[in-house]
There are 2 protein chains.
Amino acid sequence: MTRTRLTDVACSIARATDLFADAWTALIMRDVLVGITRFDDIAEDLEISRKVLTVRLARLVEEGVLSRERYQQRPPREHYVPTEKGKELFPVLLALMNWGDRWYSNEGPPVRIQHLDCGSTTTAVTTCAHCQQMLTIDNTTQMPGPGGKLGPGTSVIGPLLASRRGHP
Amino acid sequence: MTRTRLTDVACSIARATDLFADAWTALIMRDVLVGITRFDDIAEDLEISRKVLTVRLARLVEEGVLSRERYQQRPPREHYVPTEKGKELFPVLLALMNWGDRWYSNEGPPVRIQHLDCGSTTTAVTTCAHCQQMLTIDNTTQMPGPGGKLGPGTSVIGPLLASRRGHP
DNA sequence: CGAGTAGAGTTCCCTTAGGGAACTCGATGG
DNA sequence: CCATCGAGTTCCCTAAGGGAACTCTACTCG
């Protein structure tokens, strides 16, 4: 398949996507974050090919998202636990889950999130760090940041590009 | 490759993932949401194989995430615009972007988000709908919801499964 | 009126990742 | 010393992705 490596593209979505966006990685991360951390358990839970699971886990460890750790000495056994970097993928999973719940669950969401600090069964909202309002495409705009450079996939230039051609 | 269809699995992440999680779909959605809506422009911006782009766009239209619409009559030309369902993928992109910014941008984020309502250049935070606190794996827990059923990938049963050993 | 051009896809061929299922290997535990 | 368990490997087959050239339909310009 020769997946194009997207890591060189100056776009954070592309970089995150490069690691995260195949059919399995998100599911593996969900499992691991939820406590299914052993090779066989993940394989069984997801019904993923063991070969692919091996490759995915290796990549995730290499990227520092998971850490392979010994959880018992005799016999020696390893499992996969999320690093800080891995834990911070949780919001991505929440966003994905939210969207899936909203558009695909007829019988209600299969899983509910409970926020331990306030005790409520809740849903995740993506909000503005400053004013706590919900962020949407319609109430936001994108502007070049410090690390912005022109290049394929650097979408900020998109609208310019579009108008340049006499097009909305 | 015979991608396993995940849509039948009772997990919203899996359902969202099934559509969203390949190398390109997230990038295509970003482009479209940001105003790059024409076939050739997307192809050029992402340097994606035109063949794959055709397939992706068809899938996204089929799923109701994008809509193919005529933007000029003479000569007849179509482009792809996000539907409501598509627009609601924005939080997913924000979460992905955030994570990418945090872990992969050395020179600062390539793109900044400005919240038009409050005017600030901001970042997205995934918060509890009730108390506005940030949600993390550590301050949340998952519980079965109304649509929950046992099955592969239904991660709520994960911890149980792990202790129970032996499988539905 | 015929040539040229832009937009939007198709088609073809080649490579390689994913699916599945069986096989391996080390360390037990009985 | 044989059966188990956890954790991967190996093999073969198929289908999806990459790349680049080709096509089809309106135009539009000299």
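Each chain gets a letter, A, B and so on, in the order its sequence line appears, and its residues count up from 1.
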- Note on the structure: A:Arg77 has its side chain closest, among C:dT28, C:dG26, C:dG19, to C:dG26

- Test side-chain contact (heavy atoms from CB on, under 4.5 Å), reference A:Trp24, set A:Leu57, A:Ile48, A:Asp31, A:Ile42, output is A:Ile48

- Query: If you check every side-chain atom of B:Lys51, which of C:dA8, C:dC13, C:dT28 has the closest atom?
  - Reply: C:dC13

- Residue pair A:Pro82 / A:Leu66: nearest heavy atoms and the distance that separates them: CA-CD2, 3.8 Å

- Which atom pair, heavy atoms only, marks the closest approach of A:His115 to B:Thr140? CA-CG2, 4.3 Å

- Message: From CZ of A:Phe39 over to C1' of C:dG26, roughly how many Å is that when rounded to an integer?
- Response: 16 Å

- Query: Rounded to the Å, how far apart are B:Asp40 CG and D:dC24 C1'?
  - Reply: 14 Å

- Message: So if I take every side-chain heavy atom of B:Pro75 and compare against D:dG6, D:dG17, D:dC27, which nucleotide ends up nearest?
- Response: D:dC27

- Item | N/O (side chain, A:Arg68) to phosphate O (OP1/OP2, D:dG6) under 4.0 Å | no

- Quick one: on DNA chain C, does B:Leu57 or A:Ser49 contact a more 5' nucleotide (nearest heavy atom)? B:Leu57

- Query: Under 4.0 Å: is that the gap between some side-chain N or O of B:Tyr80 and OP1 or OP2 of C:dG9?
  - Reply: yes

- Separation of B:Arg56 atom CZ from D:dG17 atom C1', in whole Å? 9 Å

- Per atom distances to the B:Val52 side chain, the nearest of D:dG18, C:dG7, D:dG6 is D:dG18

- Note on the structure: Closest non-hydrogen contact found for B:Arg50 with B:Ala43 is NH1-CB, 4.0 Å

- Query: Yes or no on salt bridge (Lys or Arg N to Asp or Glu O under 4.0 Å) for A:Arg59 and A:Asp18, after CA distance, side-chain angles and deciding distance?
  - Reply: CA-CA 11 Å; A:Arg59 177 92 201 282; A:Asp18 181 55; 3.2 Å; yes

- Quick one: is A:Trp24 getting a side-chain N or O under 4.0 Å of the C:dG19 phosphate, OP1 or OP2? yes

- Message: For a quick test of reading the model: is some side-chain N or O of B:Arg70 closer than 4.0 Å to OP1 or OP2 of C:dA8?
- Response: no

- Rounded off to whole Å, could you give me the CD-to-C1' distance for the A:Glu44 and D:dA7 pair? 14 Å

- Nearest-Å distance for atom pair CZ/C1', residues B:Arg59 and D:dA16: 14 Å

- Query: In terms of the nearest nucleotide of DNA chain D, which residue is placed more toward the 5' end: B:Arg74 or A:Arg50?
  - Reply: A:Arg50

- Could you state the NE2-C1' distance from B:His79 to C:dA6, rounded to the nearest angstrom? 17 Å

- Query: In whole Å, what is the span from the CG atom of A:Asp41 to the P atom of D:dG8?
  - Reply: 12 Å

- Task: Specify the separation, in whole Å, of atom CG of B:Leu53 and atom P of D:dG19.
- Result: 14 Å

- Message: Quick check on DNA chain C: between A:Val55 and A:Pro76, whose nearest nucleotide comes earlier from the 5' end?
- Response: A:Val55

